[in-house]
Amino acid sequence: MNHADRYYVPPPSHYPILGAAALLLLALGAALWVNGSASGPWVSAGGAAVLGYMLFGWFGTVVRESTGGRYGAGVDRSFRWGMAWFIFSEVMFFAAFFGALFYVRVLGLPDLSSAEHQELLWKGFEAQWPERVAPAPVDPYTPMQAWGIPALNTVLLLSSAVTVTWAHWGLLAGRRARVSLGLVLTLLLGAAFLGLQAYEYGHAYRELNLTLSSAVYGSLFFFLTGFHGLHVTVGAIMLAVILARVMAGHFRPDDHFAFEAAAWYWHFVDVVWLFLFVTVYWI
């Protein structure tokens, strides 16, 4: 019986317990950090180091098993289902924040502006979005406009979806140079997106007085865009690893799920940004 006819079961591994320890250290470090403990940053750095070691080691093992021909159709299906459920969990993560945005705009603000609840806030409160901050001494903020950097970032991410798809078509056609070029272009577009987002944050703090404490709008704006930026960063790391594997000759036109998984994730990031651009920046 060859490897394609059976389901490969890997040997026992120490990486799962290392991953659990890394997450524990990260959570503990974050708790110590926000409570002003001097050890917080060091514990967090230790957790990040352990997590990085675990990721390199575990994924390296998976790559060696894959290139060694140990995976068959059953393992391929497991990987596809695993990636699909992972992306679904990410969808639910963003759905919680979009749900909070929907609740505030559609239900919360109108309810607070009713005559029954007027006394809970301040005289003259109106149900408008973005909501106004309380009267002086709180300084007002300026909401972020859609047309400018956000619109340019939308173009960049949509273009990156085209380039990663173009790279995938090149892989299916067995054209490795085209695959590498498409991935490099995708990574450059992703880096440009992150650079413009960092500039946008600086502009928001320095010139618009828009911060995390700028009412519900400010916190939701930075949570949604910030977590999306984190996901873009993760997606870029995934694509950079895929680029290195392409250059190492790991993929074939009929066997390249790792590439597909990274492309799925990148398209997910693109779709989330479209929802974010429309609901946070535009309307």
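Computed from a prediction, not measured in an experiment: that's the story for all the values here.
- The CH2 atom of W266 sits 10.5 Å away from the CG atom of L183 when rounded to the nearest 0.5 Å.
- Applying the salt bridge (Lys or Arg N to Asp or Glu O under 4.0 Å) test to every pair with at least one member in residues 7-21, sequence neighbours left out, gives no pairs at all.
- Taking the six-membered ring for Trp and the full ring otherwise, F277 and W147 have centroids separated by under 6.0 Å.
- Side-chain rings of F79 and Y71 approach one another, their centers coming within less than 6.0 Å.
- Side-chain atoms of R77 and Y7, non-hydrogen and from C-beta on, never get closer than 4.5 Å to each other.
- When all heavy atoms are compared, the tightest approach of L187 to L239 is CD2-CB, 3.9 Å.
- With hydrogens and angles left out, the side-chain atoms of W273 and T154 include a donor and acceptor closer than 3.5 Å.
- For S66 (side chain) and V63 (main-chain N/O), no donor-acceptor pair under 3.5 Å exists by modelled atom type.
- Separation of atoms CE (M54) and OH (Y15) is listed at 10.0 Å; rounding is to 0.5 Å.
- In terms of the side-chain hydrogen bond (donor to acceptor under 3.5 Å, both in side chains) criterion, residue partners of S37 (sequence neighbours excluded) are, by chain and number, S39.
- Cluster membership for V280 and V91, using ILVMFWY side-chain heavy atoms within less than 4.5 angstrom, is shared.
- When ring centroids are compared, F221 and Y281 come within the 6.0 Å threshold.
- Judged purely by atom type and a 3.5 angstrom limit, T163 has no side-chain atom pairing as donor or acceptor with the backbone of L185.
- One distance of note links CG of L224 with OG of S219; it measures 10.0 Å at 0.5 Å rounding.
- In terms of heavy-atom proximity, Y201 sits nearest to G226 at OH-N, 2.9 Å.
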Practice problem: Check step by step if side-chain contact (heavy atoms from CB on, under 4.5 Å) holds for L276 and T225. | Solution: CA-CA 8 Å; L276 197 154; T225 58; 3.5 Å; yes
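- No donor-acceptor pair closer than 3.5 Å links the side chain of D76 to the backbone N or O of G72.
- At a threshold of 4.5 Å between non-hydrogen side-chain atoms, the residues T186 and W166 do not count as touching.
- A48 approaches L26 most closely through the heavy-atom pair N-CD2, 3.6 Å.
- Identified under the ring pair (Phe, Tyr, Trp, His ring centres under 6.0 Å) test for residues 32-53, with sequence neighbours left out: none.
- Both V62 and F251 belong to a single network of hydrophobic side chains, linked directly or stepwise wherever heavy atoms of I, L, V, M, F, W or Y lie under 4.5 Å apart.
- With hydrogens and angles left out, the side-chain atoms of H250 and H256 include no donor and acceptor closer than 3.5 Å.
- Put simply, the side chain of H228 gets close to the backbone of V269: a donor and an acceptor are under 3.5 Å apart.
- By the side chain to side chain contact (heavy atoms under 4.5 Å, CB included) test, L212 is found to be paired with Y205, F222, F223, residues two or more places apart in sequence or in another chain being considered.
- Judged purely by atom type and a 3.5 angstrom limit, R178 has no side-chain atom pairing as donor or acceptor with the backbone of A173.
- For R245, the CZ atom is densely surrounded, since the number of other residues' heavy atoms within 6.0 Å is greater than 12.
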Self-check item: Verdict with supporting geometry, L208 and H203, side-chain contact (heavy atoms from CB on, under 4.5 Å)
Solution: CA-CA 7 Å; L208 303 181; H203 171 69; 3.8 Å; yes
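- Closest non-hydrogen pair, V43 versus L25, comes out as CG1-O, 3.3 Å.
- Rounding to the nearest 0.5 Å gives a distance of 13.5 Å between CZ of F97 and CE of M92.
- Applying the side chain to side chain contact (heavy atoms under 4.5 Å, CB included) test to V234 and every residue at least two apart in sequence or in another chain returns M238, Y265.
- Residue pairs meeting the salt bridge (Lys or Arg N to Asp or Glu O under 4.0 Å) criterion with at least one member in residues 12-38: none, sequence neighbours excluded.
- Checked against side chain to side chain contact (heavy atoms under 4.5 Å, CB included), W81 has the following partners two or more places apart in sequence or in another chain: W85.
- Rounded to the nearest 0.5 angstrom, I242 CD1 and S180 OG are separated by 11.5 Å.
- Residues R105 and T279 approach most closely at NH1-O, 3.0 Å, considering heavy atoms.
- Residue M247 is grouped with residue F59 when hydrophobic side chains (ILVMFWY) are merged at heavy-atom distances under 4.5 angstrom, including chains of intermediate members.
- Residues L230 and F268 fall within the same hydrophobic cluster, defined by Ile, Leu, Val, Met, Phe, Trp and Tyr side chains chained together at heavy-atom separations under 4.5 Å.
- Applying the side chain to side chain contact (heavy atoms under 4.5 Å, CB included) test to V162 and every residue at least two apart in sequence or in another chain returns nothing.
- A salt bridge (Lys or Arg N to Asp or Glu O under 4.0 Å) check over residues 250-277, counting only residues at least two apart or in different chains, returns the pairs R80-E260, R252-D254, R252-D255.
- The salt bridge (Lys or Arg N to Asp or Glu O under 4.0 Å) contacts involving residues 195-219 comprise nothing, where partners must be two or more places apart or lie in separate chains.
- Hydrophobic clustering (ILVMFWY, side-chain heavy atoms < 4.5 Å, transitive): F86 and I237 are in distinct clusters.
- Membership of the apolar cluster around Y199 extends to I149, L152, L156, L189, L196, as traced through chained side-chain contacts below 4.5 Å between ILVMFWY residues.
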Practice problem: Verify side-chain contact (heavy atoms from CB on, under 4.5 Å) between F88 and F93, making sure each step is shown before the conclusion. | Solution: CA-CA 9 Å; F88 177 76; F93 174 85; over 6 Å; no
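- Not a single ring pair (Phe, Tyr, Trp, His ring centres under 6.0 Å) links F98 to another residue, sequence neighbours left out.
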Practice problem: For T61 and E65, run side-chain contact (heavy atoms from CB on, under 4.5 Å): C-alpha distance rounded to whole Å, both residues' side-chain angles, the deciding distance at 0.1 Å, then the answer. | Solution: CA-CA 6 Å; T61 300; E65 291 171 348; 3.6 Å; yes
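- Here F227 and F94 keep their ring centres 6.0 angstrom or further from each other.
- Of all the heavy atoms in A100 and L220, the pair that sits closest is CB-CD2, 4.1 Å.
- T165 has its side chain within reach of H267: a pair of non-hydrogen atoms, C-beta onward, lies under 4.5 Å apart.
- Looking at heavy atoms from C-beta onward, L243 lies in side-chain contact with V184 at the 4.5 angstrom threshold.
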